[in-house]
Amino acid sequence: MIEYILDYLANRGVYAASQGEQQQMEDGIARYLQENGLEDGNTGAYYQKYVSNHLQQISASDLKAYFLNYGLISDVNQIAIEYRCDGSLPEERIKTLYRLMEKMHACGLGEKYVPIIEVKQILGSLA
C-alpha cells in the first residue's frame, strides 16, 4: 500500500527531492496506514478505494507536505483526542500542542488536516 500511495503521488507530480525526503515520506505513509488500520500488504480494491477517497480530501498542493509531516498531524490529533476524553490537558501537553502547531504553520499546512476547534479551545487556555 506504500507503493500504491507513492504511485498516486507520482501520478500527480509529487516526488521526493532527496533520499532523506523519500524516507521521511515513506515513514509518514507507513504511520498513516498504521493509524488507519491498514497493513502495507492490504492492496485489494476495497483498500485502494478507502485510501483513494482519503487522498482526494488532501489538496494536491499539500500532498507532499502531508506525508512529510504526517507525524505532526498525528501528534496534534492525539492531543485533541486526549482533550476530548478528559476535558482538560496538563500544561506541558498544551505547550507541546503550541509547538506542534508552530511546526504545522512553518511547513505550510497551517490548521488544515487537524481538529482545529479543539486546537483553538486548548490553545485558548494559554491566553
Side-chain angles (χ1 to χ4, degrees):
M1 194 52 76
I2 290 174
E3 286 301 318
Y4 178 80
I5 294 174
L6 289 173
D7 288 345
Y8 179 93
L9 297 175
N11 289 332
R12 279 142 191 85
V14 177
Y15 300 97
S18 66
Q19 275 297 97
E21 193 174 82
Q22 178 73 22
Q23 186 59 55
Q24 189 178 349
M25 281 177 46
E26 289 179 17
D27 291 346
I29 292 168
R31 187 166 177 180
Y32 160 81
L33 292 171
Q34 179 185 28
E35 289 183 0
N36 282 278
L38 301 171
E39 296 178 13
D40 192 32
N42 297 134
T43 57
Y46 169 83
Y47 300 107
Q48 289 180 6
K49 183 175 181 178
Y50 177 89
V51 170
S52 291
N53 288 341
H54 182 258
L55 292 172
Q56 290 174 30
Q57 296 178 40
I58 304 167
S59 294
S61 61
D62 291 339
L63 282 167
K64 185 174 185 177
Y66 184 89
F67 288 110
L68 284 174
N69 298 285
Y70 188 78
L72 292 174
I73 295 167
S74 176
D75 292 346
V76 169
N77 284 326
Q78 179 58 41
I79 292 173
I81 290 168
E82 292 168 19
Y83 177 74
R84 272 184 249 139
C85 288
D86 299 334
S88 64
L89 289 170
E91 187 175 334
E92 189 54 42
R93 289 299 276 163
I94 296 170
K95 289 178 181 177
T96 298
L97 178 61
Y98 183 81
R99 288 189 296 274
L100 291 169
M101 290 308 297
E102 283 182 324
K103 292 177 182 178
M104 289 284 293
H105 282 274
C107 75
L109 293 176
E111 299 173 347
K112 298 185 236 175
Y113 315 112
V114 296
I116 197 58
I117 292 171
E118 288 88 347
V119 168
K120 288 186 176 193
Q121 288 172 342
I122 295 165
L123 295 180
S125 66
L126 283 178

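For Lys103, the NZ atom sits in a loose shell: 12 or fewer heavy atoms of surrounding residues, nucleotides or ligands are nearer than 6.0 Å. A 6.0 Å sphere centred on CD of Gln34 holds no more than 12 heavy atoms belonging to other residues, nucleotides or ligands.
Counting heavy atoms from C-beta on, the side chains of Met104 and Asn69 never come closer than 4.5 Å. Between Met101 and Val114 there is a side-chain heavy-atom pair separated by less than 4.5 Å. Two residues are said to be in side-chain contact when any heavy atoms from C-beta on lie closer than 4.5 Å; Tyr70 and Asp27 fail this criterion. Counting heavy atoms from C-beta on, the side chains of Leu63 and Arg12 come closer than 4.5 Å.
Here the CG atom belonging to Leu97 is positioned 5.0 Å from the CD1 atom belonging to Ile79, to the nearest 0.5 angstrom.
Inspection of the Thr96 and Arg93 side chains reveals no N or O donor paired with an N or O acceptor under 3.5 Å. In summary, the side chains of Gln23 and Gln19 do not present any donor paired with an acceptor at a separation below 3.5 Å, with no hydrogens or angles considered. Counted by atom type alone, Ser74 and Tyr32 present zero donor-acceptor pairs between their side chains at under 3.5 Å.
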Could you walk me through whether Tyr50 and Asn36 satisfy the side chain to side chain donor-acceptor pair (under 3.5 Å) test, starting with their C-alpha distance in whole Å, then the side-chain angles of each, then the deciding distance to 0.1 Å, before giving a yes or no? CA-CA 10 Å; Tyr50 177 89; Asn36 282 278; 2.9 Å; yes

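In summary, Lys95 and Glu102 do not engage in a salt bridge, as defined by a charged side-chain N under 4.0 Å from a carboxylate O.
Panel note: side chain Lys64, backbone Tyr15; a donor-acceptor pair is recorded below 3.5 Å. Looking only at distances, no side-chain donor or acceptor of Glu118 sits under 3.5 Å from a matching main-chain atom of Ala80. Remark: side-chain polar atoms of Glu82 are not paired, donor with acceptor, to backbone N or O of Leu89 under 3.5 angstrom.
Residue pairs meeting the salt bridge (charged side-chain N to carboxylate O under 4.0 Å, His left out) criterion with at least one member in residues 70-79, sequence neighbours excluded: Arg31-Asp75.
Of the residues listed (Val14, Ile29, Asn11), the one engaging Leu6 in a side-chain contact (heavy atoms from CB on, under 4.5 Å) is Ile29, and it is the only one.
Contacts of Tyr113 classified as ring pair (Phe, Tyr, Trp, His ring centres under 6.0 Å), with partners at least two apart in sequence or in another chain: Tyr66.
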